[in-house]
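Comments concern the structure below.
FYI, side chains are in, hydrogens and waters are out, and symmetry mates aren't considered; it's all heavy atoms of this structure.
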Amino acid sequence: MTLDPLDSLGDAATPPEILHSDTQRIVAPDGAALAARAAELFVTLAQRAAGEEGARFTVALSGGGTPKALYGLLAAPPYVGQVPWERVHLFWGDERHVPPDDAESNYRMVREALLSKITIPAENVHRVRAELPDAADVARDYAATMRGFFQLQPTQWPRFDLVLLGLGPDGHTASLFPGTDALHDTTGLVAAPFVQKVNAHRITMTAPVINNAATVAFLVAGADKSGVLSEVIEGPRDPDRLPAQLIAPTDGTLLWLLDEAAARSL
Ligand code: 6PG
């Protein structure tokens, strides 16, 4: 049974809209309110997953700009004190093929917005070792990190408590970009596609890993995303062109956390 992550989520004014049994949508007035709803969700799920002694809360973080406000909120009161950080394990859903102190690094973004401001055991931060020169080695290394942490058998998939995702203007999510082989990877945990659009390799969790999570939450803000968002949610199915359509948890909840500007075409 999948617990409804939203059943204790604050603001009765805009209750989540149930799209179908395991997909829900919340539309917040603006980016700041969206970040606050996402912080509430993070706290709710963290307390639920890591409530008991020895339990843990496993999260795959998103890169890009939209989640920065969320990470900033989680690093400060009232949220910072509500999260059992000693039981939180942070992973990255995707990473750029750059060293951890590079301006493009998703790890660096999270370090600056969150990690540098909280107390969390260093061993709970499982970053992508994207400084390795060969992107395929980076992917293998991160897959090994996940296999070790989740103690996976060869055919098993890791089950994250929460995977945070963004949505690119071209319909990509994590680093699952249109027209890349990574979209069709149904056996690997982590892929290292060369992405023409950014003229670089990216490191990304594959769709089966993301879809095995208990909760997958898209954070999407801004009018510039409204067109692609309505195509992804309401348009014809075409995941090669709109990879975000690959995301459908097999035994979990899919949440669309949106601001009004992004949701205006829905
Ligand atoms: C990345 C992300 C990527 C991001 C989208 C949306 O590494 O860039 O993981 O998938 O979520 O590109 O980015 P914005 O939030 O900046 O619009």
Side-chain angles (χ1 to χ4, degrees), residues 1-9 16 20-24 38 41-63 67 70 74 83-95 106 110 120-121 123-128 139-166 173-176 182-191 203-219 239 243-257:
M1 178 189 74
T2 306
L3 283 170
D4 177 345
L6 292 181
D7 60 7
S8 61
L9 200 51
H20 52 79
S21 64
D22 50 8
T23 299
Q24 300 171 28
L41 172 76
F42 190 102
V43 167
T44 300
L45 295 179
Q47 292 178 345
R48 185 178 294 154
E52 276 104 55
E53 192 58 39
R56 60 192 188 186
F57 177 53
T58 56
V59 187
L61 300 172
S62 173
L70 161 64
L74 290 173
V83 177
W85 292 107
E86 70 287 357
R87 296 184 183 156
V88 175
H89 285 265
L90 300 176
F91 290 74
W92 275 254
D94 72 318
E95 185 57 284
N106 284 337
V110 175
I120 183 170
E123 62 271 21
N124 289 23
V125 178
H126 310 272
R127 72 175 180 82
V128 178
R140 272 189 291 274
D141 176 76
Y142 206 48
T145 297
M146 287 156 63
R147 287 192 185 289
F149 176 83
F150 287 98
Q151 299 183 330
L152 300 176
Q153 296 305 312
T155 58
Q156 281 184 311
W157 299 100
R159 182 167 172 81
F160 285 94
D161 294 301
L162 175 63
V163 173
L164 295 173
L165 294 174
T173 190
S175 280
L176 297 169
L183 304 184
H184 307 289
D185 190 337
T186 56
T187 56
L189 302 187
V190 184
I203 315 300
T204 184
M205 289 183 183
T206 58
V209 168
I210 296 169
N211 285 333
N212 200 46
T215 300
V216 177
F218 277 97
L219 270 65
Q245 288 183 334
L246 287 171
I247 307 308
T250 45
D251 175 21
T253 299
L254 177 61
L255 299 176
W256 291 95
L257 293 175

Heavy-atom side-chain contact between Leu189 and Leu152 under 4.5 Å:
yes
Sub-4.5 Å side-chain heavy-atom contact between Arg87 and Phe57
no
On a heavy-atom basis, the closest approach of Ala60 and Gly93 is CB-N, 4.2 Å
Closest heavy-atom contact between Ala49 and Ala55?
O-CB, 3.3 Å
Distance (rounded to the nearest 0.5 Å) between Phe150 CZ and Phe160 CZ
4.0 Å
Asp161 side-chain N/O to Val59 backbone N/O, donor-acceptor pair under 3.5 Å
no
How many angstroms lie between CG in Leu162 and CZ in Arg48, if you round to the nearest 0.5 Å?
11.5 Å
Could you tell me which non-hydrogen atom of Leu255 sits nearest to which non-hydrogen atom of Thr253, and how far apart they are?
CD2-CG2, 3.7 Å
Approximate separation, where rounding is to 0.5 Å, of Asn124 CG and His126 NE2:
5.5 Å
Within the structure provided, determine whether Leu61 and Asn106 are in side-chain contact (heavy-atom separation under 4.5 Å).
no
Side chains of Val209 and Asn212: does their closest heavy-atom pair fall under 4.5 Å?
no
If you measure from CH2 on Trp256 to OG1 on Thr23, what distance do you get to the nearest 0.5 Å?
9.0 Å
Can you name the salt bridge (Lys or Arg N to Asp or Glu O under 4.0 Å) partners of Arg140, sequence neighbours left out?
Asp137
Starting from the C-alpha separation in whole Å, work towards a yes-or-no answer on side chain to side chain contact (heavy atoms under 4.5 Å, CB included) for Leu164 and Leu70.
CA-CA 11 Å; Leu164 295 173; Leu70 161 64; 3.8 Å; yes
Give me the atom names and distance for the closest heavy-atom approach of Leu183 to Pro239.
CD1-O, 3.8 Å
Enter the distance from Leu165:CG to Thr173:OG1 here, rounded to the nearest 0.5 Å.
4.0 Å
Answer yes or no: are there more than 12 heavy-atom neighbours, outside Gln151 itself, under 6.0 Å from its atom CD?
no
Non-neighbouring partners of Tyr142 that pass ring pair (Phe, Tyr, Trp, His ring centres under 6.0 Å), sequence neighbours left out
none
As an exercise, state the distance from CG of Asn211 to CE of Met205, rounded to the nearest 0.5 Å.
12.5 Å
Minimal non-hydrogen separation, Ser62 against Gly166, with atom names
OG-N, 3.5 Å
Mind checking whether Leu176 and Ile210 have side chains closer than 4.5 Å, heavy atoms only?
yes
Thr206 side chain to Gly188 main-chain N or O, any donor-acceptor pair under 3.5 Å?
yes
Over all atoms of both residues, closest heavy-atom pair of Ala139 and Ile203:
CA-CG2, 4.3 Å
Result of checking Val163, Thr215, Leu254 against Pro249 for side-chain contact (heavy atoms from CB on, under 4.5 Å):
Leu254
